[in-house]
Amino acid sequence: MIKINRPRIYSKYEINSIVFYWTMLLLMPIVLVFTYVFDTFTNNSDVRVYLLILVGVTVLITIIGTIFLLIKRDKLKRMVKATYVQEFYYLVIISIFGILGLVVLYKYLGGRPEYIASILVLSLLLFAYVLLNLGRKYFNLNYGRKK
Amino acid sequence: MKKRQISDESLNRIIKYLAIVILGFGIILLAIQFSDFWNWILRAIKSVIIPISLAYFSALIIFPLIKYLEKKGVGPRGFSLGLVFVLTVGLIFAAFYFLTPLIVNEIKNFFIDDYPVIVDYINNDLRNEFLFGADLYDKIIAYVNETNLIADTVDSFVPKLITSLTNMLLPLLTAFALLPILLIFYLNDYEVIAERMRSIIPSKHEKNVAELSSRLNQTVGAYLRGQLILMVVLGSVATIAYKLIGLKYYFFFGFLVGVTNIIPYFGMLIAAVPPIVYTFIATSGPGPLLVLLVNVAMQFIEGNIFQPLIMSHQLSLHPIVIIISILFFGSLFGAIGVIFASPIAASIKVIYRFFTDLKKEKLKNSTTEATSS
């Protein structure tokens, strides 16, 4: 039998799941990054309480979102697009804020400032690798390909 | 040797083109005789074109949102339009309300804290640190004082700057004041206006014009929306990154990155200059190399990740095309011309592609007709 090397096209259910859980994973750093820019916190105890609240809110939104996804599952499974450029674009944007947020989180948790650049570069490389693979496998975007 | 005969058809075509060229020269010659009159007409056209184009480009950004709301059952048009309008105005107002005091504060702090230090540095320390030696520095200062160079330059430059600013600001303010009104009417009767425009066009060209306008709306609309998101995202990322590396006035410099990003590729380069210059002069904070590194990283992300994502391969413009369009439309329409140079260039590219596609299709049709007969 001849095997056709055609990429599998995933339904909106799979794509929305990836986008949703990715957002939830980065929700805390993203919120932190904006609180950092606007100098919301002045002392350390505030930050720890706020982090705990943020974790709680993230878990709650994840549970609600998961239930919502499961309810809409059949409908979303029937929806298919050839490529998911917009969704991938969104994923890249929140990842960039997420990476900066991870550095802020590190700073808030009392990390040493001289390692910030290394953490930034490492997380950037890690995210780039994961996003490239996600894009190729699920979003049908072969980003590394030459024009 | 046998001479090649020109067919009647070719001869007719040559005569037709020659007549058009001669007539064109005649019209230009006639127009030159009445240049004041034409300038008057052109000024009137320019004052109409600027607000209309602004409304058209804004409608391309907003209209898909109205369509989306209507698809979800939020209607009639007046209601969905009102909702989107209130949301947009609210968003712009909130951005101004929260960000303006922060940026104004930073500018104020710069003039209180850093400006005297910079002036002091130029007057005293720069002499000792001058790259080509203190002697040359003294000679330059003596020459500047002798020739009154700075005072003369300021005297000639300031009035010119004020005139060009007033010339630029007035049409800009008029266009922005008219924009909400134009936009409401345009978006409310979007389809009706499109239909009326189509009815003006001769029926044999109607199909092509409809196809071209739909392509223009789709591609240029996507380009503008993408560019707007990019401005917000890169402005925010720059602000956060500048704060993380400890740069003072991070809101102002970040805002600069966002605003200048209206010019693709080059905006980031322009925005990188002030913070780098500042870090050279500032006594505390990060070094210029770190700021340069942050800007290079952002430029890399913009050019290699965002630009290919927001612009399809068909719409991506070569940097040289962008420079040419900025220079050309900037000199034609001033500041608005610079802002809208790239969408105009993108529109021209879409029109060019449409006509080449049309030509290819015609050629294909004629060859299939020839083979079938």
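Proteins get letters first, then strands, A, B, ... in listed order; numbering begins at 1 in each.
For A:F68, the CZ atom sits in a loose shell: 12 or fewer heavy atoms of surrounding residues, nucleotides or ligands are nearer than 6.0 Å. In this structure, B:I112 places its CD1 atom where more than 12 heavy-atom neighbours from other residues, nucleotides or ligands lie under 6.0 Å away. Environment of CZ in A:F34: crowded, with over 12 heavy atoms of neighbouring residues, nucleotides or ligands closer than 6.0 Å.
A pairwise comparison of heavy atoms in A:V37 and B:F251 identifies CG1-CZ, 3.5 Å as the closest pair. Nearest heavy atoms, A:F38 versus B:L102: CE2-CD1, 3.6 Å.
If you measure heavy-atom distances from B:I301 to chain A, the contacts under 4.5 Å come from the side chain alone. Only the side chain of B:Y250 comes within less than 4.5 Å of a heavy atom of chain A; its backbone N, CA, C and O stay farther away.
With sequence neighbours excluded, no residue forms a salt bridge (charged side-chain N to carboxylate O under 4.0 Å, His left out) with B:E361. In this structure, the ring pair (Phe, Tyr, Trp, His ring centres under 6.0 Å) partners of B:F110, at least two apart in sequence or on a different chain, are B:Y249.
Within residues 97-107 of chain A, the residues having any heavy atom closer than 4.5 Å to a heavy atom of chain B are A:F97, A:L100, A:V103, A:V104, A:K107, listed by residue number.
Distance check: B:T239 OG1 to A:Y36 OH gives 12.0 Å after rounding to the nearest 0.5 Å.
The salt bridge (Lys or Arg N to Asp or Glu O under 4.0 Å) analysis of residues 80-96 of chain A, with sequence neighbours excluded, yields the pairs A:K12-A:E87, A:K81-A:E87.
The shortest side-chain heavy-atom distance between A:I96 and B:V233 does not fall under the 4.5 Å cut-off.
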